[in-house]
Every structure is written in C-alpha cells, then in structure tokens.
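Presented below is the structure to which this report refers.
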Amino acid sequence: MHKDISIWMPLYIGDLQAKFARMTAEQIGAALLLMMDFWKNGAIPHDLATVCSITKLSQNNKAKTLLNTLMALELFEVESEQIHSHFLTSLKSQALQNQQMKSDKAKNAAQARWGKSASNAQASTKQRKVNAQAAPEKSPSITQVMLESCPSSSSSSSSSSSSSNFEEKNENFLENSKWI
C-alpha cells in the first residue's frame, strides 16, 4: 500500500460548500489549486508571485484578496512568511491514521488466514477427516427419513412389500436426481 498520501486529498463537499458560499467561481478554483499545492508540497511561500503562479490568477490584487478571504475562512494562516493550513494538516494526519489502520487490519487478516503454523494446519486437516467420518454415522439417509415419515399400513405383509417397493423407487429417484 502507498505510504504517500499526497496522491489523493479528501474533499468534504458540505464543509467546502459552506466555506466557499460567498466566493466567485474564479476564487473557488484558485482556492482549490492552493489547497492541492499545500497538500502535495507543504507550506507555501508568502509571496504574491508564487500564489499567482499556483492559483493561475493574473493579478496580484486578486491573489491578495483571495489570501485574505481564505484566512478569514480559516482555511489558511500565515506563519513566519509561509502560508500554512491547520485545516488541511489535520485532514492529512487523519488520512495517514486511516491508511495505517487499514494497512494493519489487512496485514492481520492475511496473517490470520495464511500465517498458520504447520501444526495448526495438520490439526485442522485431522479434524476435518474425523468430522467427515463421523458425519455419515450421525445423520440418517434420505431413504430412512422418507420411510419414517410415511404412515404404516394395517397389515404387516403388505407393509413390508410396499416398504421394499417404496425403497426401490426412492433409490431409483435418488440415483436419477444426481443428474439433475
């Protein structure tokens, strides 16, 4: 599994729609480009030329207005001449934790499935053989179950002949049903 989560970024639609509600389409696009750059590369230099390059905004005053808006929305902060985002940093750490948790869970599942010792594998094979041998003795055949559920007739001679006749028909039926 990839340890680098910079190839994807979670976008929580409700959160972003709430934050971007009063922004223009150009500002929203520029904000997303700035967010993606921060996600991939980390802190951004607090330089309007760099911000314009990242956001594709043509004017410095548009970039300055965008930065002010993003700081007011608490998406970005300026610290020691660099633009940071506590919002995105917390999302990134959460994504790393989720990725690590899923990776650990998958490793444990694989180990549980494939990491059995040889003695455990032999013991489970022996147990399956014992179960297979014990199963026919415990469970009655279909013929026996069918005979038990049929009502017996009043005369014993006709009962035995009809019973044997029924067994023959039932065996023929079972043999033919294998092909169905």
Side-chain angles (χ1 to χ4, degrees), residues 1-136 138-139 178 180:
M1 181 171 269
H2 254 293
K3 294 293 180 195
D4 183 22
I5 62 162
S6 65
I7 60 171
W8 63 274
M9 181 178 81
L11 293 176
Y12 296 103
I13 304 303
D15 292 345
L16 291 180
Q17 276 185 330
K19 290 187 182 289
F20 295 162
R22 300 198 176 204
M23 295 172 67
T24 66
E26 183 180 43
Q27 288 176 326
I28 293 169
L32 287 172
L33 288 171
L34 206 59
M35 291 169 68
M36 287 187 278
D37 187 81
F38 179 82
W39 186 272
K40 181 92 173 153
N41 302 315
I44 302 166
H46 188 244
D47 173 35
L48 291 180
T50 304
V51 173
C52 284
S53 175
I54 294 169
T55 61
K56 313 303 184 230
L57 293 173
S58 59
Q59 301 169 2
N60 283 352
N61 62 345
K62 285 185 177 183
K64 188 173 183 175
T65 303
L66 175 70
L67 282 177
N68 290 335
T69 304
L70 293 176
M71 284 187 256
L73 294 172
E74 298 178 352
L75 281 173
F76 286 96
E77 305 83 27
V78 176
E79 296 173 359
S80 64
E81 295 304 313
Q82 291 192 327
I83 302 169
H84 294 274
S85 175
H86 295 297
F87 174 76
L88 291 174
T89 302
S90 68
L91 283 178
K92 198 168 190 174
S93 66
Q94 181 184 6
L96 281 169
Q97 287 174 347
N98 288 344
Q99 184 183 42
Q100 186 61 44
M101 183 177 62
K102 288 177 183 178
S103 175
D104 292 345
K105 190 175 181 180
K107 286 177 187 174
N108 290 339
Q111 187 176 12
R113 181 171 183 177
W114 303 109
K116 292 181 180 179
S117 65
S119 62
N120 285 345
Q122 290 173 353
S124 65
T125 304
K126 287 180 184 177
Q127 185 63 37
R128 276 187 249 131
K129 287 180 183 177
V130 168
N131 289 343
Q133 291 171 352
K138 291 181 182 178
S139 62
K178 290 179 186 174
I180 295 176

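- Surrounding CD of Glu77 are more than 12 heavy atoms belonging to other residues, nucleotides or ligands, all under 6.0 Å away.
- Taking each heavy atom of Ala31 and Leu70 in turn, the nearest pair found is CB-CD2, 3.7 Å.
- The shortest non-hydrogen separation linking Ile54 to Asp37 is CD1-OD2, 3.4 Å.
- A distance of 10.5 Å separates CD1 in Ile44 from CE in Met35, rounded to the nearest 0.5 Å.
- Heavy atoms only, all atoms of each residue included: Leu91 and Pro10 are closest at CD1-O, 4.3 Å.
- You'll find the side chain of Leu96 stays beyond 4.5 Å of the side chain of Gln100, heavy atoms only.
- How far NZ of Lys102 is from CD of Gln99: 9.0 Å, rounded to the nearest 0.5 Å.
- Closest non-hydrogen pair, Thr50 versus Pro45, comes out as CG2-CD, 4.1 Å.
- Atoms CG and CG, from Leu75 and Leu34 in turn, are 9.5 Å apart once rounded to the nearest 0.5 Å.
- With contacts defined as side-chain heavy-atom distances shorter than 4.5 Å, the pair Leu67/Leu48 qualifies.
- Within the 4.5 Å cutoff, the side chain of Ile83 has no heavy atoms near those of the Met71 side chain.
- Under a 3.5 Å cut-off, the side chain of Thr69 and the backbone N or O of Thr65 do form a donor-acceptor pair.
- Aromatic ring pairs are classed by plane angle as parallel below 30°, tilted from 30° to 60° and perpendicular above 60°; the pair Phe76 and Phe38 is perpendicular.
- By the 4.5 Å heavy-atom criterion applied to side chains, Lys62 and Thr55 are not counted as neighbours.
- Annotation: side chain of Phe87 is not in contact with side chain of Leu73 (no heavy-atom distance under 4.5 Å).
- Once rounded to the nearest 0.5 Å, the distance linking CD of Glu74 with NZ of Lys19 reads 6.5 Å.
- Pairing each heavy atom of Val78 with each of His46, the nearest pair is CG2-CD2, 3.6 Å.
- Using a 4.5 Å cut-off on side-chain heavy atoms (C-beta onward), Thr89 and His84 make no contact.
- Between Gln27 and Leu57 the shortest side-chain heavy-atom distance does not fall below 4.5 Å.
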